[in-house]
S.K.: 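I'd like to ask some things about the structure below.
Atoms within a ligand are numbered from 1 in the order they appear, just like the ligands themselves. These values consider heavy atoms only, across backbone and side chains, with no hydrogens, waters or symmetry-generated copies.
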Amino acid sequence: MNDIAHNLAQVRDKISAATTRCGRAREEVTLLAVSKTKPASAVEEAIAAGQTAFGENYVQEGVEKICHFREKGEKALQWHFIGPLQSNKSRLVAEHFDWCHTVDRLKIAVRLSEQRPTQMPPLNVLIQINISDEQSKSGIALEALGALASEIAALPNLCLRGLMAIPAPEHEYDRQFAVASQMAVAFAQLKTDYPTVDTLSLGMSDDMEAAIAAGSTMVRIGTAIFGARDYSKK
Ligand SMILES: *Cc1c(COP(=O)(O)O)cnc(C)c1O
């Protein structure tokens with residue numbers, strides 16, 4: 001087994017253990033493999049080990065990988081855009097990705113809907129919540145969720161699937177769980193309002209257990225699968 005296959009097996013085991021511990025079914029949690037900065041060859045190893053959902057932070061880099069695998073005839077892959085999205089890059093996201101996790105204003109949602117090619121299925125979107133209320137991070141306050149959700153749900157070429165957050169790093173499990181639970185409450189409410197909502201994108205390497213215990217349905221893991229990132233080329 002190569003490193004990536006080995007790492008993937010370990011991450012899957014951790015997810016299984018976490019779901020078992022809190023009495024949830026393993027199938028309720030999807031693993032998103034975050035392949036930002038990693039070459040297509042690394043993604044290929046993950047695909048060979050059965051991984052199908054990949055997360056990318058940089059639009060151009062993500063599009064290159066999507067096109068690479070489309071040309072190779074890989075059809076079953078799902079590409080998730082998880083980075084900060086600027087208006088001038090929205091077209092590339094709308095035309096290539098399957099999901100966007102970082103929608104946090106109506107203007108970008110309208111652009112994504114207008115730019116989504118009509119022959120493609122609607123773009124799956126998550127609304128990003130600034131759950132730790134940090135000035136530097138993107139995302140909306142929970143109080144603003146109701147209004148933005150109803151506007152996004154009305155856009156023709158988007159499908160509102162749920163919520164995403166990047167909580168501030170927190171080492172204590174109880175603190176991680178408290179923050180994740182706030183997200184879970186908002187997610188449960190959104191689900192009752194919109195039948196398309198089924199995804200809570202929450203949990204990274206350090207807070208995955210707490211996120212899963214609170215109700216996350218998608219964890220985003222990069223380094224533990226692909227190894228440390230080298231940003232010197234960026
Ligand atoms: C990079 C990134 C991840 C993965 O982080 P790792 O520490 O490599 O596991 C998850 N979510 C988002 C939004 C990211 O940007």
Side-chain angles (χ1 to χ4, degrees), residues 3-15 17-18 29-40 42-43 45-46 49 51-66 78-86 89-90 92-93 97-105 108 112 123-134 136-140 161-171 176 179-180 183 187 199-212 214-234:
D3 283 353
I4 290 173
H6 174 80
N7 294 344
L8 260 173
Q10 280 194 329
V11 171
R12 288 179 186 137
D13 283 349
K14 274 180 86 172
I15 296 172
V29 181
T30 300
L31 170 59
L32 186 65
V34 179
S35 46
K36 63 183 177 206
T37 80
K38 298 296 176 180
V43 173
E45 286 183 33
Q51 182 64 29
T52 53
F54 293 92
E56 290 284 338
N57 286 57
Y58 309 101
V59 176
Q60 195 60 47
E61 179 193 337
V63 168
E64 279 168 26
K65 284 179 212 169
I66 292 169
Q78 263 182 30
W79 292 93
H80 296 238
F81 184 74
I82 63 171
L85 182 53
Q86 293 152 355
K89 299 275 178 65
S90 63
L92 283 170
V93 171
F97 282 83
D98 303 296
W99 290 68
C100 180
H101 289 218
T102 49
V103 175
D104 64 358
R105 54 200 190 275
I108 208 97
L112 288 170
L123 179 68
N124 298 298
V125 300
L126 303 178
I127 295 175
Q128 183 173 359
I129 304 294
N130 186 348
I131 196 64
S132 309
D133 194 32
E134 291 168 286
S136 61
K137 291 255 174 68
S138 22
I140 60 164
R161 297 294 294 270
L163 301 178
M164 177 269 208
I166 310 171
E170 188 71 77
H171 295 294
Q176 295 174 346
V179 172
M183 286 297 298
F187 174 59
T199 301
L200 177 57
S201 167
L202 186 68
M204 299 170 47
S205 304
D206 292 334
D207 63 350
M208 184 173 92
E209 276 83 6
I212 289 174
S216 167
T217 72
M218 187 175 284
V219 292
R220 307 179 306 260
I221 309 290
T223 311
I225 297 170
F226 295 108
R229 285 181 289 273
D230 177 3
Y231 283 101
S232 61
K233 290 168 292 187
K234 290 248 154 219

S.K.: Do W79 and S35 touch side chain to side chain, with heavy atoms closer than 4.5 Å?
M.R.: yes

S.K.: Regarding ligand 1, does M164 bring an N or O atom to under 3.5 Å of one of the ligand's N or O atoms?
M.R.: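 Looking only at distances, the answer is no, because the N/O contact criterion of under 3.5 Å is not met.
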
S.K.: What protein heavy atom sits nearest atom 7 (O) of ligand 1, and how far away is it?
M.R.: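 For atom 7 (O) of ligand 1, the nearest protein heavy atom is T223 OG1, 3.7 Å.
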
S.K.: Nearest 0.5 Å please: distance from the NE2 atom of H80 over to the OG1 atom of T102.
M.R.: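 So the gap between those two atoms works out to 12.5 Å.
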
S.K.: Any idea which of K36, M208, M204 brings a heavy atom closest to atom 14 (C) of ligand 1?
M.R.: K36

S.K.: Number the atoms of ligand 1 from 1 as they appear, then name those within less than 4.0 Å of a heavy atom of I166, with their elements.
M.R.: 13 (C)

S.K.: Between NZ of K38 and OG1 of T223, what distance do you get to the nearest 0.5 Å?
M.R.: 7.5 Å

S.K.: Is ligand 1 under 4.0 Å from a heavy atom in the side chain of H101, in the backbone, in both, or in neither?
M.R.: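 The answer is neither.
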
S.K.: I82 heavy atoms, cut-off 4.0 Å: which ligand 1 atoms fall inside?
M.R.: 11 (N), 12 (C), 13 (C), 14 (C)

S.K.: Going by the atom numbers of ligand 1, which of them fall below 4.0 Å from some non-hydrogen atom of N57?
M.R.: 14 (C), 15 (O)

S.K.: Nearest 0.5 Å please: distance from the NE2 atom of H101 over to the CG atom of N124.
M.R.: 9.0 Å

S.K.: Keeping S132 on the side-chain end and A168 on the backbone end, is there a donor-acceptor pair under 3.5 Å?
M.R.: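 Yes, because the side chain of S132 sits within donor-acceptor range (under 3.5 Å) of the backbone of A168.
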
S.K.: Check each atom of ligand 1 against the heavy atoms of G222 and keep those under 4.0 Å away; list them by number with element.
M.R.: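 By the 4.0 Å cutoff, the relevant atoms are 4 (C), 6 (P), 8 (O), 9 (O).
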
S.K.: Whether the side chain of Q128 engages the backbone of A165 through a donor-acceptor N/O pair (distance < 3.5 Å, no angle test) should be reported.
M.R.: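 A pair under 3.5 Å: no.
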
S.K.: Pick one of side chain, backbone, both or neither for how R220 approaches ligand 1, counting any non-hydrogen atom pair under 4.0 Å.
M.R.: both

S.K.: Nearest 0.5 Å, please: how far is CG in D206 from NE2 in H171?
M.R.: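 Rounded to the nearest 0.5 Å, the NE2-CG separation comes to 7.0 Å.
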
S.K.: Could you tell me which atoms of ligand 1, counted from 1 in the order shown, lie closer than 4.0 angstrom to a heavy atom of S205?
M.R.: 9 (O)

